[in-house]
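Here is the structure we will look at, set down as structure tokens.
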Amino acid sequence: MKKTLAIAALASVALTGAAHARDQIRIVGSSTVFPFATAVAEEFGKTTSFKTPVIESTGSGGGLKLFCTGVGEQNADITNASRRIKKSEVETCAKNGVEAITEVKIGYDGIVLANAKSAPLFELSKEQIFLALAKTVPSKDGKELIDNPYTNWKEIDPTLPDEKIEVLGPPPTSGTRDAFTELVLEEACDEFPAIAALKSSDKAMHKAACAGVREDGAYIEAGENDNLIVQKLEANPLALGIFGFSFLDQNGDKLHGSKIGGVSPTFEAISDGSYPVSRSLYFYVKNAHVGTIPGIEEYVAEFTSEKAWGPEGYLADRGLIPMDEAEREAVRKAATSLTPLSM
């Protein structure tokens, strides 16, 4: 307890001196949330007396690592995340003196597999995606796990395009990668008896088989810049890219999204839950910086305003799938009162 108080006291001293050193909000985190946060930051800068926040696209994992480094003007005030913060990350934050965190859920997003409109539209099941991207897959007879041998989509299913498997996607630090692994690969893996059997016999091997992504060149880590993936897909029409729906929405003239489980990635399908690869988006506020780094409360108020995240708001125009009215009101109330997260 004494150690915690000492850390808090030092943080307070650091922040008191920092008030004059930094008068601009610093935000890090998810590349998926980045365009939404940027839109809010620009509106915030135009309509208030505060400076426009500085935002870095570092990936969800990278952002949370920076956010949890400590309290003080050298550390980020807010981090964006395309997945929920993990309990282990909350514990890391607390160890470094970041003890009061406000979680703000901003809406929903779908994860898409998209390619150039000049190329065939893919229609895939989660199981087919698993066979294309998993590090290890069941053998043809289904009796054992082998290194992924598939190099062409047609080898997986004769109805798929006769094209080389080449998928551009985010690195392990990305929340999109985490969500894609959880919502696609881990859900599909137990449809294969050879992998499902490992649940009871070898849990560690089961987890590795379900979450492992191949490293032989079929899956290409394309960094945290989703705009760069879009550019690469234009240059290479035979490749697929993995990113948030908002980037597909903003590039609908160049790309089309694959059907997954028979459902196209549309605003309506993600909103009603019929599109099978959907997730929640968040940002996290370091409460210790509120009142010292100017404008944090006002930025939160702008982000959670109806003109921003409502059904007719400017974030919906950029591809954010809004929460329903009751959920928006509940989240807004907790966010604007800076209610600390408890897990």
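Keep in mind that what you see is a predicted model, and the values were worked out from it rather than measured.
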> Passes ring-ring contact (aromatic ring centres under 6.0 Å, His included), Tyr284 versus Phe67? Steps please.
Replying inline: CA-CA 9 Å; Tyr284 293 89; Phe67 180 81; 7.1 Å; no
> Yes or no on salt bridge (Lys or Arg N to Asp or Glu O under 4.0 Å) for Lys86 and Glu89, after CA distance, side-chain angles and deciding distance?
Replying inline: CA-CA 5 Å; Lys86 298 173 183 176; Glu89 290 165 332; 5.0 Å; no
>> Evaluate Asp77 against Arg22 for salt bridge (Lys or Arg N to Asp or Glu O under 4.0 Å), listing each step before the verdict.
In response: CA-CA 11 Å; Asp77 311 307; Arg22 181 155 66 83; 2.6 Å; yes
> Passes side chain to side chain contact (heavy atoms under 4.5 Å, CB included), Ile156 versus Ile165? Steps please.
Replying inline: CA-CA 10 Å; Ile156 293 172; Ile165 297 172; 3.9 Å; yes
> Going through the checks in order, is the salt bridge (Lys or Arg N to Asp or Glu O under 4.0 Å) test met by Arg328 and Glu306?
Replying inline: CA-CA 9 Å; Arg328 289 198 309 278; Glu306 284 299 288; 2.9 Å; yes
> Is there a side chain to side chain contact (heavy atoms under 4.5 Å, CB included) between Ile27 and Phe34 once you walk through the steps?
Replying inline: CA-CA 9 Å; Ile27 303 171; Phe34 178 80; over 6 Å; no
>> Run Thr176 and Arg279 through side chain to side chain donor-acceptor pair (under 3.5 Å) and show every step you take.
In response: CA-CA 9 Å; Thr176 298; Arg279 39 81 184 269; 3.1 Å; yes
>> If you apply the rule side chain to side chain contact (heavy atoms under 4.5 Å, CB included), what do you find for Val277 with Val112, and how did you get there?
In response: CA-CA 8 Å; Val277 194; Val112 304; over 6 Å; no
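If you chain together hydrophobic residues whose side chains sit under 4.5 Å apart, Ile85 and Leu66 never meet in one group. When hydrophobic clusters are built by joining Ile, Leu, Val, Met, Phe, Trp and Tyr residues whose side-chain heavy atoms come closer than 4.5 Å, directly or via intermediates, Phe283 is grouped together with Leu281. Clustering ILVMFWY residues whenever any of their side-chain heavy atoms sit less than 4.5 angstrom apart, transitively, puts Val213 in the very cluster that holds Ile146. Val40 and Val54 fall into different hydrophobic clusters, where Ile, Leu, Val, Met, Phe, Trp and Tyr side chains are chained together by heavy-atom contacts under 4.5 Å. In the hydrophobic cluster analysis, where Ile, Leu, Val, Met, Phe, Trp and Tyr join through side-chain heavy atoms closer than 4.5 angstrom, Leu255 is grouped apart from Leu238.
Taking the six-membered ring where the residue is Trp, the centroids of Phe192 and Phe130 are separated by under 6.0 Å. Checked against a 6.0 Å centroid threshold, the rings of Tyr314 and Trp309 do not count as neighbours.
Other residues, nucleotides and ligands contribute over 12 non-hydrogen atoms within 6.0 Å of the NZ atom of Lys126. Residue Glu325 places its CD atom among 12 or fewer non-hydrogen atoms of other residues, nucleotides or ligands, all under 6.0 Å distant.
Without hydrogens or angle criteria, Ser174 side chain to Pro170 main chain gives no donor-acceptor distance under 3.5 Å. Side-chain atoms of His206 do not come within 3.5 Å of backbone N or O of Ala197 as any donor-acceptor pair. Side-chain atoms of Ser278 come within 3.5 Å of backbone N or O of Tyr275 as a donor-acceptor pair. Asn251 places a side-chain N or O within donor-acceptor distance of the main-chain N or O of Phe247, the cut-off being under 3.5 Å. In this structure a side-chain-to-backbone donor-acceptor pair under 3.5 Å is missing from Thr102 to Val285.
Between Asn75 and Thr69, the side chains place no donor N or O within less than 3.5 Å of an acceptor N or O (distance only, hydrogens not considered).
Taking OG1 of Thr47 as the reference point, atom CD of Glu298 lies at 11.0 Å (rounded to 0.5 Å). The CG atom of Leu133 sits 7.0 Å away from the CG atom of Leu113 when rounded to the nearest 0.5 Å. Interatomic distance, CG of Asp157 versus CD of Gln128, reported as 5.0 Å (0.5 Å rounding). Atom CD1 of residue Ile129 and atom CH2 of residue Trp153 lie 6.5 Å apart, to the nearest 0.5 angstrom. The line from CD1 of Ile106 to CE of Met323 is 8.0 Å long, rounded to the nearest 0.5 Å. Here the CG-CZ distance, from Leu248 to Phe267, works out to 13.5 Å after rounding to the nearest 0.5 Å.
Taking the charged nitrogens against the carboxylate oxygens, Lys135 and Asp147 have no contact shorter than 4.0 Å, which rules out a salt bridge. Note on Glu302 versus Lys307: salt bridge recorded, some NZ/NE/NH1/NH2 to OD/OE distance being below 4.0 Å. A salt bridge links Lys51 to Asp23: at least one charged side-chain nitrogen sits closer than 4.0 Å to a carboxylate oxygen. The pair Glu182-Arg83 fails the salt-bridge criterion, with no side-chain N (NZ, NE, NH1 or NH2) lying under 4.0 Å from an Asp/Glu carboxylate O. Under a 4.0 Å N-O distance rule, the pair Asp141/Lys143 does not qualify as a salt bridge. A salt bridge links Arg84 to Glu103: one of the charged nitrogens lies within less than 4.0 Å of a carboxylate oxygen. Salt bridge annotation for Lys207-Glu186: absent, with no cationic side-chain nitrogen under 4.0 angstrom from a carboxylate oxygen. The pair Lys140-Glu155 fails the salt-bridge criterion, with no side-chain N (NZ, NE, NH1 or NH2) lying under 4.0 Å from an Asp/Glu carboxylate O.
What you find for Ala335 and Thr304 is that their closest heavy atoms are CB-CG2, 4.2 Å. Pro340 and Asn287 get closest at one heavy-atom pair: CG-ND2, 4.2 Å. Of all non-hydrogen atoms in Leu240 and Ser258, the two that sit nearest each other are CD2-OG, 3.8 Å. For the pair Asn148 and Tyr150, the tightest heavy-atom approach, listed with the atom from each and the gap, is OD1-N, 3.0 Å. Here the closest non-hydrogen pair linking Phe245 and Gly319 is CD2-O, 3.5 Å. Listed here is the closest heavy atom pair of Asn80 and Ala37: ND2-CB, 3.5 Å.
In this structure, the side chains of Lys259 and Ser264 come closer than 4.5 Å at one or more pairs of heavy atoms. Using a 4.5 Å heavy-atom cutoff, the side chains of Asp190 and Lys199 are in contact.
Note on residues 114-123: pairs passing side-chain hydrogen bond (donor to acceptor under 3.5 Å, both in side chains), not counting sequence neighbours, are Asn115-His256. Among residue pairs with one or both ends in residues 333-343, those qualifying as side-chain hydrogen bond (donor to acceptor under 3.5 Å, both in side chains) are Ser337-Thr339; sequence neighbours excluded. Sorted by first and then second residue, the pairs that involve residues 230-248 and meet side-chain hydrogen bond (donor to acceptor under 3.5 Å, both in side chains), not counting sequence neighbours, are Glu166-Asn236.
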